[in-house]
**Q** 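Next up is a structure, given as structure tokens.
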Amino acid sequence: MEVFPKVLVLGLPTCYETLQSIYSHKFNFINPNSSNLPLHQFIISNHPPSIRAILCSVSFPLTADFLRLFPSLGLVVTTSAGTDHIDLNECRRLRINVAGAGGLFSEDVADKAVALLIDTMRKISAADRYVQTRNHGGEWDFPLEMEVFPKVLVLGLPTCYETLQSIYSHKFNFINPNSSNLPLHQFIISNHPPSIRAILCSVSFPLTADFLRLFPSLGLVVTTSAGTDHIDLNECRRLRINVAGAGGLFSEDVADKAVALLIDTMRKISAADRYVQTRNHGGEWDFPLGYKISGKRVGIVGLGNIGMEVAKRMESFGCIILYHSRYQKSSVSYPFYSNIVDLATNSNALVVCCALNEQTKHIINREVLLALGKEGFIVNVGRGGLIDENQLVKCLIEGEIGGAGLDVFENEPHVPQELLALDNVVLSPHCAAFTSESVMSLCELVGGNLESFFSNMPLITPLKLD
Ligand SMILES: O=CC(=O)O
């Protein structure tokens, strides 16, 4: 055999066994794997100056030092298309020829690339594992979502979510903790928090600083509300997380609801309904009188978009509008009260529709309620925390104010039990913003903000954070 040229085999190429069976009558393959000697000793024992060719796979790095062990080396043949495991500069310097697999594998590698892509996007292997390992007999519940869609974590199950999901699930991979039995924290961990770049939330989920910090790649919070008091905006600013809200989308709907609550409490609409529904004697009607709307002085707390819409509506009922706001507005002629107790003293009804923040928390306290008086009414469509709820309940029970229409509460979804027994109170489950129409518009707005964010375009309703 010594007459056949020596070929040193390194990294045991996949094709070696076949190659050997075909070519061993032409080449003397020197294979370190067939020996127990350490590689270096094996090479020395095979007289390196007699080796003129090396056959190698990608798994063996042919370094300059290694190549220099073979003073007669004239050829390196690698069984790969790539040659990054070979010091080509040294080959050039030592005039060693190099032969690779060229384009031999292109079609096979391309086939595999396509297979991997389809497998990851269509979850072929995951589906196989699912069928192999699932050991219960229930319905198939293999997820459709393709991981290539950007993930959007959904928190507080926004009212518009079902519609949004039906319209946008071909664009976003909505991750909804309510669809899982895992506790929230565990659900989040199982969804790889660094892969989550957007959160969609409702007012009912407090986005605290600690929570936001769970997501190192978070770039967007979209809330389905106009109010943003449930979000730590300072932390969003610090972490450079964009925030998009509903903007003025709901102003008319919320104003309609405020007017409805005011008229309901003053004219006792819900109470009248209860009276007719539950009265079980056949005698005369003896339902108590309500109050005329026209001519009443309506004090608006917070003359923003919603406040302006309430003012417009109540003016058309013949009411006189007064207001309290952070600043006096030069664009309106309604009397401005910088002191809210003075506003209450001069109003028959207060409609609370400002944002909740450190300055406005409990802006309606006992003093304001007493100033409003025994025939005064209050409506809250802002946030529960704007009113000191304990004091409100007390004043209602003690007859210190005439009645209240409440869409919001301090500790939602908790509603103080005492309120349920009162006939001069109208209650609503924080839904002033939502109508069939506004929910459709909200879906478009939320979807538009998500699309803008993921295509690096400006948000439609960005919140100014600085
Ligand atoms: O309360 C609802 C909202 O802020 O939009």
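Each ligand, and each atom within it, is numbered from 1 in the order the structure gives. Along the sequence shown, residues carry numbers from 1.
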**Q** Between ligand 1 and the protein, which N/O pairs are shorter than 3.5 Å?
**A**
| unit_1 | atom_1 | unit_2 | atom_2 | d |
| --- | --- | --- | --- | --- |
| ligand 1 | 1 (O) | R383 | NH1 | 2.8 |
| ligand 1 | 1 (O) | H430 | NE2 | 2.5 |
| ligand 1 | 4 (O) | A226 | N | 3.2 |
| ligand 1 | 4 (O) | G227 | N | 2.8 |
| ligand 1 | 4 (O) | R383 | NH1 | 3.4 |
| ligand 1 | 4 (O) | R383 | NH2 | 2.7 |
| ligand 1 | 5 (O) | A226 | N | 2.6 |

**Q** Show me the pairs that pass side-chain hydrogen bond (donor to acceptor under 3.5 Å, both in side chains) and involve residues 243-253, at least two apart or across chains.
**A** D253-T435
**Q** According to ring-ring contact (aromatic ring centres under 6.0 Å, His included), who are the partners of F454, at least two apart in sequence or on a separate chain?
**A**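 Counting only residues at least two positions away or on another chain, F454 forms a ring-ring contact (aromatic ring centres under 6.0 Å, His included) with F172.
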**Q** Would you please test S80 and H85 for side chain to side chain contact (heavy atoms under 4.5 Å, CB included) and show each step?
**A** CA-CA 10 Å; S80 57; H85 55 302; 3.2 Å; yes
**Q** F187: which residues meet the ring-ring contact (aromatic ring centres under 6.0 Å, His included) condition with it, sequence neighbours left out?
**A**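 Counting only residues at least two positions away or on another chain, F187 forms no ring-ring contact (aromatic ring centres under 6.0 Å, His included).
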**Q** Report yes if the side chains of C201 and L207 come closer than 4.5 Å at any heavy-atom pair, otherwise no.
**A**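 C201 reaches L207 side chain to side chain.
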**Q** Count the heavy atoms of every other residue, nucleotide or ligand shown that sit under 6.0 Å from CZ of R279, and state whether that count exceeds 12.
**A**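 Yes.
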